[in-house]
Amino acid sequence: MSPLDLRPTLVMGARGHIGKHVLDGLSARGLPVRASVRTLAPGRFPAGVAVFAADLTDPTSLTLAFDGVAQVFLYANHEGVAGVIAAARETGVERIVLLSSGSVIHPTSAGNAITEEHREVEDAFAAASDLVVVPIRPLVLATNALGWVYSIRATGSLPLYRPDAVTAPIHERDIAAVAVAALTGSPSPRLSELLTGPTGISQREQVAAIAAAAGRDITVAELTRDDALAQFSRFMPAAEAEAVLEFLDDADAGNSPTTSTVGDILGRPATDIGAWAVDHASDFC
Ligand SMILES: NC(=O)c1ccc[n+]([C@@H]2O[C@H](COP(=O)([O-])OP(=O)(O)OC[C@H]3O[C@@H](n4cnc5c(N)ncnc54)[C@H](OP(=O)(O)O)[C@@H]3O)[C@@H](O)[C@H]2O)c1
């Protein structure tokens, strides 16, 4: 993309945990931005930001939202890729930064439903070789812990499957910063390497960090696999619930790595879980 190109960047999912930081990061650099959400609601974005209603599964909405933008940040959605590709070609989008998943390139995650849905999206974009598409690949989001809010707030205790499984959760702001680097710099394979937080930490230690930041006691109870499957299946399709348990089994077996990619790309250390817990302390009170 030409540095003189003043066409805006569209941030889809601009209310999402990662998307909102992408929008903020581009705005903070003084770059022209456009936001999209699936359902318009007043008052959510800074004055001057044009907001479109766009759904990755609705090609007509995509053509309208893409028209006049130079590049797009978007979430992986395996149901909408063909329409995204067609809309990008029709409107002359020059670069797409795709929030994908590190599981696509993490060998022991291969085969589970969540990994393969992300791979399907990546493969479809890779086949559209006339488009520049940069996948961003975090392995484990720190925001997964927001799924613990209800139990912690309601009972002060948290039932967990594999509480001693170690992962390196990554702060949503760090993922967004890498996406902003991909939207503002030259394409580089480094941008698509596995993204993690700075250190491995068990789920139990994550809970302790949240308890310290929120100033409250939280007890951890261990869930059986059957109970965990039933619990996750209340919020997601059964195959995805099984995939979550497989990620945790894999982590418990010592297979969830820590990488230096965030620091290498951003030139500053990745954010640790203690700082994430401070940022989100009020969610848990
Ligand atoms: N959980 C993990 O450990 C993990 C690991 C690796 C990668 N990931 C990836 O990270 C994503 C979660 O990121 P996040 O925390 O920022 O999620 P989030 O806060 O739940 O936000 C998701 C955003 O996606 C948008 N969206 C969903 N479906 C859409 C559609 N059909 N058309 C347009 N926009 C749509 C939503 O838009 P609206 O606000 O308009 O509804 C929302 O803003 C996952 O979906 C996964 O792909 C997760």
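Numbering starts at 1 and runs along the sequence shown. Just so we're clear, the structure is a prediction, and the values are computed from it rather than from any experiment. In each ligand, atom 1 is the first atom listed, and ligand 1 is the first ligand listed. These values consider heavy atoms only, across backbone and side chains, with no hydrogens, waters or symmetry-generated copies.
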*Check whether any N or O atom of Thr57, backbone or side chain, sits under 3.5 Å from an N or O atom of ligand 1, and answer yes or no.*
no
*Starting from the C-alpha separation in whole Å, work towards a yes-or-no answer on side chain to side chain contact (heavy atoms under 4.5 Å, CB included) for His118 and Ile114.*
CA-CA 6 Å; His118 285 86; Ile114 293 175; 3.8 Å; yes
*List every atom of ligand 1 that sits less than 4.0 Å from any heavy atom of Leu99, numbering the atoms from 1 in the order shown and giving each element.*
10 (O), 11 (C), 13 (O)
*Relative to the heavy atoms of Ala54, which atoms of ligand 1 are at a distance of less than 4.0 Å?*
33 (C)
*asked:* Can you name the atoms of ligand 1, numbered from 1 with element, that are less than 4.0 Å from a heavy atom of Val140?
replied: 3 (O)
*How many angstroms lie between atom CG of Leu141 and atom CG of Asp174, to the nearest 0.5 angstrom?*
11.5 Å
*Working to the nearest 0.5 Å, report the span between CD of Glu120 and CG of Asn77.*
10.0 Å
_Ignoring hydrogens, what is the shortest heavy-atom contact between Ala241 and Phe232? Give both atom names and the distance._
CB-CB, 3.7 Å
*Residue pair Cys285 / Ala214: nearest heavy atoms and the distance that separates them*: SG-O, 3.6 Å
*Just distances here: any N/O of Asn77 and N/O of ligand 1 closer than 3.5 Å?*
yes
_Qualifying residue for side-chain contact (heavy atoms from CB on, under 4.5 Å) with Ser192, from Pro187, Pro135, Ser100_ = Pro135
*Report the nearest protein non-hydrogen atom to atom 3 (O) of ligand 1: residue, atom name, distance rounded to 0.1 Å.*
Asn144 ND2, 2.9 Å
*Give the C-alpha distance, both sets of side-chain angles, the deciding distance and a yes or no for side-chain hydrogen bond (donor to acceptor under 3.5 Å, both in side chains) between Tyr161 and Asp249.*
CA-CA 9 Å; Tyr161 178 62; Asp249 290 339; 2.5 Å; yes
*Answer with side chain, backbone, both or neither: which part of Leu74 has a heavy atom less than 4.0 angstrom from an atom of ligand 1?*
neither
*Considering all protein heavy atoms, does one lie under 4.0 Å from atom 45 (O) of ligand 1?*
no
_Please list the nearest protein heavy atom to atom 13 (O) of ligand 1 with its residue and the distance rounded to 0.1 Å._
Tyr75 CE2, 3.2 Å
*Has ligand 1 got any nitrogen or oxygen that is less than 3.5 angstrom from a nitrogen or oxygen of Ile18?*
yes
*Starting from atom 6 (C) of ligand 1, which protein heavy atom do you reach first, and at what distance in Å?*
Pro138 O, 3.1 Å
*For Leu141, is at least one N or O under 3.5 Å away from an N or O on ligand 1?*
yes
*State the atoms of ligand 1, each with its element, that fall below the 4.0 Å cut-off from a heavy-atom position in Val37.*
40 (O)
*Does Phe247 belong to the same Ile/Leu/Val/Met/Phe/Trp/Tyr cluster as Met236, with side-chain heavy atoms less than 4.5 Å apart forming each link?*
yes
*Specify the closest pair of heavy atoms between Thr259 and Thr196, including all atoms of both residues, with the distance to one decimal.*
N-OG1, 2.9 Å
*Closest non-hydrogen atom pair between Val220 and Pro163, with its separation*: CG1-CB, 4.0 Å
*Give the intermediate values and the outcome of side chain to side chain contact (heavy atoms under 4.5 Å, CB included) for residues Leu98 and Leu74.*
CA-CA 5 Å; Leu98 168 73; Leu74 53 80; 3.5 Å; yes
*Counting only heavy atoms not in Arg44, do more than 12 fall under 6.0 Å of its CZ?*
no
*For atom 20 (O) of ligand 1, what's the nearest protein heavy atom and its distance?*
His17 ND1, 4.6 Å
*Check the surroundings of atom CG in Asp130: do more than 12 heavy atoms from other residues, nucleotides or ligands lie under 6.0 Å from it?*
yes
*Which of the atoms of ligand 1 are close to Ser101, meaning less than 4.0 Å from one of its heavy atoms?*
6 (C), 7 (C)
*Using a 4.0 Å heavy-atom threshold (strictly under), name the region of His118 that reaches ligand 1: side chain, backbone, both or neither.*
side chain
*Go through Asp58 and Arg38 one step at a time and tell me if the side chain to side chain contact (heavy atoms under 4.5 Å, CB included) criterion holds.*
CA-CA 10 Å; Asp58 174 359; Arg38 280 180 290 182; over 6 Å; no
_Give me the residue, atom name and distance of the protein heavy atom closest to atom 5 (C) of ligand 1._
Leu139 O, 3.3 Å
*Considering heavy atoms of the protein only, find what lies nearest to atom 25 (C) of ligand 1 and give residue, atom and distance to 0.1 Å.*
Gly13 CA, 4.0 Å
*Can you list the ligand 1 atoms lying under 4.0 Å from a non-hydrogen atom of Gly16?*
16 (O), 19 (O), 21 (O), 43 (O)
*Have a look at ligand 1 and work out which part of Ser100, if any, has a heavy atom under 4.0 Å from it: side chain, backbone, both or neither.*
backbone
_atom 31 (N) of ligand 1 [closest protein heavy-atom partner, distance rounded to 0.1 Å]_ = Asp55 OD1, 2.9 Å
*Considering all protein heavy atoms, does one lie under 4.0 Å from atom 38 (P) of ligand 1?*
yes
*Around atom 41 (O) of ligand 1, find the nearest protein heavy atom and jot down its residue, atom name and distance.*
Arg38 NH2, 2.8 Å
